[in-house]
There are 2 protein chains.
Amino acid sequence: MNMKPNLVPKPTGSPAAFAEAAECLKILAHPVRLRFVQLLLHGRFTVGELAEDAGVPDNVASEHLRLMQRCGFFTSQREGRRVYYQVAEPHLKQLMECVEARFLH
Amino acid sequence: MNMKPNLVPKPTGSPAAFAEAAECLKILAHPVRLRFVQLLLHGRFTVGELAEDAGVPDNVASEHLRLMQRCGFFTSQREGRRVYYQVAEPHLKQLMECVEARFLH
DNA sequence: TTGACATGTCGTGACATCACGAGATAATGG
DNA sequence: CCATTATCTCGTGATGTCACGACATGTCAA
């Protein structure tokens, strides 16, 4: 009943690692959040600037940014009444380049 | 009230392109489906083989595979009673390498 | 202090995703 | 045919995601 075994060595990765990867990809998998990543890879921006660029209300942008801060993608500093966000996760650059190569070019 | 404009040229990408990218990333963002991508980047496998490796019932695996076939990630060929799946989207390789570099190594 | 501005928080309802079980379809061998 | 194996399909209920409005917090300038 069994067939010939697949002789190719199976790639690695614990179930927990796949779960974490899926979690983070799910956070990345939103058009507004993708746009935020792309912008923040090119500089610092405030909540209001990001919101206006993406065409969403400020509080919506704020919630997206909070999400991405919680999983380590972004960090923020308050300067006066504004809050500037920037990229904190170095792998985001290469990951975004892959996404741009496939979908945005 | 206005601050100095951000002189950095803004990166490209239509809203529709971001929406499509987010759609595909969302499909990728599942631990079982990530594992399927990883395995299929190393060879051809049947539904049953993939299901057993991932520890999910066959029908669940079948639904995941159908999803990834619909968005162009995989293709399938029937051989007897078995159905073999393989990678169809060339960018998946580089994308998975990014994910592995960040989460699986 | 007051008022305006920038951001953050919370509750809610609409909608999507998910795993599961039951059953359908397809192919093989006796 | 009939039984078995492999895959697929469908309905359902649980859970998660999302945008929105209302409101809270924080900051500054007059």
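In what follows, every chain begins at residue 1, and chains take the letters A, B, ... in the order their sequences are listed.
- The B:S62 side chain lies nearest to D:dC8 when the options are D:dA19, C:dA6, D:dC8.
- The nearest whole Å value for the distance from the CG atom in B:L67 to the P atom in D:dC10 is 14 Å.
- The distance between atom CG of A:L50 and atom C1' of C:dG8, rounded to the nearest whole Å, is 15 Å.
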The test is side-chain hydrogen bond (donor to acceptor under 3.5 Å, both in side chains); show your working for A:Q69 and A:S76 and say whether it passes.
CA-CA 8 Å; A:Q69 197 169 18; A:S76 62; 2.8 Å; yes

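- Between A:H30 and A:H64, the angle of the ring planes lies from 30° to 60°, which puts this pair in the tilted group.
- As a whole-Å value, the separation of B:Q69 CD from D:dT9 C1' is 15 Å.
- The side chain of A:R33 places an N or O atom within less than 4.0 Å of a non-bridging phosphate oxygen (OP1 or OP2) of D:dC18.
- The one candidate from A:E20, A:Q94, A:E89 that meets the side-chain hydrogen bond (donor to acceptor under 3.5 Å, both in side chains) condition with B:R102 is A:E89.
- Each of C:dT17, C:dA19, C:dC18 was ranked by its minimum atom distance to the side chain of B:K26; first place goes to C:dT17.
- Under the side chain to side chain contact (heavy atoms under 4.5 Å, CB included) criterion, A:P11 pairs with B:R35, B:Q38, B:L39, B:H42, not counting sequence neighbours.
- The residue among A:V83 and B:V60 whose nearest nucleotide of DNA chain C is located toward the 5' end is A:V83.
- Rounded to whole angstrom, the span from the CD atom of A:E63 across to the C1' atom of C:dT12 amounts to 12 Å.
- Two residues are said to be in side-chain contact when any heavy atoms from C-beta on lie closer than 4.5 Å; B:L50 and B:L40 meet this criterion.
- The phosphate of C:dA19 has OP1 or OP2 within less than 4.0 Å of a side-chain N or O from B:H64.
- Picking from C:dC18, D:dC20, C:dT7 the nucleotide with the shortest atom distance to the side chain of A:V47 gives C:dT7.
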Annotated protein contacts, base or backbone, on nucleotides 22-30 of chain C with a non-hydrogen cut-off under 4.0 Å, one of B, S, - each:
B----BB--

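- Under the side chain to side chain contact (heavy atoms under 4.5 Å, CB included) criterion, A:L67 pairs with A:I27, A:R33, sequence neighbours left out.
- Atom pair B:H30:NE2 and D:dT15:C1' shows a separation of 13 Å (rounding to whole Å applied).
- Straight-line distance from the CZ atom of B:R66 to the C1' atom of D:dT7: 12 Å, rounded to whole Å.
- For the pair A:E49 and A:R44, the salt-bridge criterion is not met [side-chain N within less than 4.0 Å of a carboxylate O].
- Here D:dC10 presents its P atom at 18 Å from CG of B:D58, a figure rounded to the nearest Å.
- Between A:T46 and C:dT7 there is a side-chain N or O to OP1 or OP2 distance below 4.0 Å.
- A sub-4.0 Å separation between OP1 or OP2 of D:dC8 and a side-chain N or O of B:Y85 is present.
- Remark: P of C:dC18 and CG of B:L28 are 12 Å apart, rounded to the nearest angstrom.
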